[in-house]
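Letters A, B, ... mirror the listed sequences (proteins, then strands); counts begin at 1.
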Amino acid sequence: MILTTWNINGVKARLESALTYLRQHSPDVVCLQEIKSVDDAFPTPDFQDLGYNVATNGQKGFNGVAILSKSPLEDVVRGLPGDDSDQHARWIEASVPLGNRMMRVVSLYLPNGNPIGTEKFAYKLAWMTRMRRRAEQLLEDEMPLVLAGDFNVIPESVDAKRPAAWVNDALFQSESRAAWRTLVNEGFTDATRACHPGPGVYTFWDYQAGAFQKDDGIRIDHILLSSQAADLLVSSGIDRATRAQEKPSDHVPVWIKLAA
DNA sequence: ATGTCGAAGCTTCTTCGA
C-alpha cells in the first residue's frame, strides 16, 4: 500500500493539480496539509469520484488537514489533544486497514514558529511537546503508526541546500531540532532518510527568488514510522516533478510503500 | 532585492500568514 503526504497550500487553488496527481499515482492513503478550507467547503465529492473516503479538520483561511483513503476511515480524531484553548486545525487521526489488521494514520501540520523569540515560537515548541505525548499514547496501542505531514523542522544541516540561510529561522533552531529528535527517539523511523541517505533530498522550495530553479530546497515534510510500520517499509520517494508544474504548491508529495 | 503565493474582506487593493 502507498501512503502519500502533501502540503497542497490551498485545496481550492490546487484542486486540479491534486486530482491529476491522484489519478496518476493512485495512492491508497493521502495526508493533506494546509487545505485552507472549512470542512463544508472542502471538495469532498471530487475526491469521492476518485474512490476516496474523506475526513477533514478544516479552518477558515489558514491551516487545515485531511486524510483521504480508498478504504473506510475509522475512529477519526480531530485536533491535537492536550490544550483545549488551541483552536488551530493542525492534526487529524484515523485508522485504516493494512493487510489483515489496522494502521493508525496522522496527518499533521506543525506550527511554523517564525519569528523566533515570539509567542509563535513558544507555541511551536509547546505543540511539539503535546505531539510527543500523543505519540506516546498511540504507541501504547502497538499497532502500526504513521505520523505524516509538514513538520516545519529541518532535522539536520544535510536537509538544506544552504543551512546557513536558516540559522535564524524557527525551522532550524536547536530547540526545534531537539524536539524532533526527542520524538524520533521514541522509536520512530524517518522513512525518507531510511531509504535516501545523503544530501539533495528536499520537499520544499520557496516561491521567492527562483529557489526551485536553484534547487535551494529544504526537507521539512516527513513520514515517521513506528517499529510495527517500519517493519513493513519497502520503499519511499519524493515527487519533485509536481514543483515544476503550473501553479505548484511550494511543497511536493512524499510517499512510502508498505508491504501489505 | 523578502525576485511569491493564497485567502479573506466594509474587496479591484490591503493585510495576514507562510
#### Entry: Sugar-phosphate, base or nothing in reach of Arg243(A), heavy atoms under 4.0 Å
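No contact.
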
### Task
Compute whether any side-chain donor of one residue and acceptor of the other, for Gln33(A) and Asp150(A), lie under 3.5 angstrom apart.
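Distance-only check fails for Gln33(A) and Asp150(A).
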
### Query
Which residues within residues 202-210 of chain A lie with some heavy atom under 4.0 Å of an atom in DNA chain B?
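Those residues whose heavy atoms fall under 4.0 Å from DNA chain B, taken from residues 202-210 of chain A in numerical order, are Tyr207(A), Gln208(A), Ala209(A).
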
### Message
Below 4.0 angstrom, which residues in residues 158-175 of chain A have at least one non-hydrogen atom near DNA chain B?
### Response
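None - not one residue of the stretch has a heavy atom sitting under 4.0 Å from the strand.
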
Strictly by ring-ring contact (aromatic ring centres under 6.0 Å, His included), give each pair with a member in [range] just once, sequence neighbours left out.
| range | value |
| --- | --- |
| residues 137-170 of chain A | Phe151(A)-Trp180(A), Phe151(A)-His222(A) |
| residues 231-260 of chain A | Phe204(A)-His251(A) |
| residues 19-38 of chain A | Trp6(A)-Tyr21(A), Tyr21(A)-His25(A) |

### Task
Could you pick out which residue, Ile35(A) or Tyr109(A), lies toward the 5' side of DNA chain B when each is mapped onto its nearest nucleotide?
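Looking at the nearest nucleotide for each, Ile35(A) comes out on the 5' side.
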
### Query
Mapping Asn152(A) and Arg14(A) to their closest nucleotides on DNA chain B, which lands nearer the 5' end?
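The residue whose closest nucleotide sits nearer the 5' end is Arg14(A).
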
Counterpart residues, ring-ring contact (aromatic ring centres under 6.0 Å, His included), relative to [X] (two or more places apart):
| X | result |
| --- | --- |
| Phe62(A) | none |
| Tyr52(A) | none |
| Phe212(A) | Trp205(A) |

### Task
Cation-pi check, Arg90(A) to Tyr109(A): give yes when NZ or CZ is under 6.0 Å from the six-membered ring centre and within 45° of the ring axis, no otherwise.
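Yes; both conditions hold, so Arg90(A) lies above the ring face of Tyr109(A).
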
What integer number of Å spans the [atom1] atoms of [N] and [M]?
| N | M | atom1 | answer |
| --- | --- | --- | --- |
| dC10(B) | dT15(B) | P | 14 Å |
| dT2(B) | dA18(B) | C1' | 12 Å |
| dT11(B) | dA7(B) | C1' | 12 Å |

### Query
Can Asp215(A) and Arg243(A) be said to form a salt bridge (charged side-chain N to carboxylate O under 4.0 Å, His left out), step by step?
CA-CA 11 Å; Asp215(A) 196 22; Arg243(A) 187 64 177 79; over 6 Å; no

### Query
Apart from Val158(A) itself, what residues make up its hydrophobic cluster, given side-chain heavy atom links below 4.5 Å?
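Noted: Val158(A) shares its cluster with no other residue.
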
### Task
Decide whether Val77(A) and Ile35(A) are clustered together by the hydrophobic rule: side chain heavy atoms of Ile, Leu, Val, Met, Phe, Trp, Tyr closer than 4.5 Å, transitively.
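No; tracing contacts between hydrophobic side chains, which count when under 4.5 Å, never links both residues.
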
### Message
Going 5' to 3' along DNA chain B, which are the first and last nucleotides with any atom under 4.0 Å from a heavy atom of chain A?
### Response
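Terminal contacting nucleotides, 5' to 3': dT2(B) to dA18(B).
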
### Query
Is Arg181(A) paired with Asp190(A) through a side-chain N to carboxylate O contact shorter than 4.0 Å?
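Looking at Asp190(A) and Arg181(A), the cut-off is not met.
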
### Task
Sequence neighbours left out, what pairs pass salt bridge (Lys or Arg N to Asp or Glu O under 4.0 Å) with at least one residue falling in residues 97-121 of chain A?
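Passing the test, one end in residues 97-121 of chain A: Glu93(A)-Arg104(A).
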
### Stems involving DNA chain B, each a run of at least 3 consecutive Watson-Crick or G-U pairs under 3.5 Å
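For DNA chain B the paired stretches long enough to count as stems (3 pairs minimum) are B:4-9 with B:13-18.
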
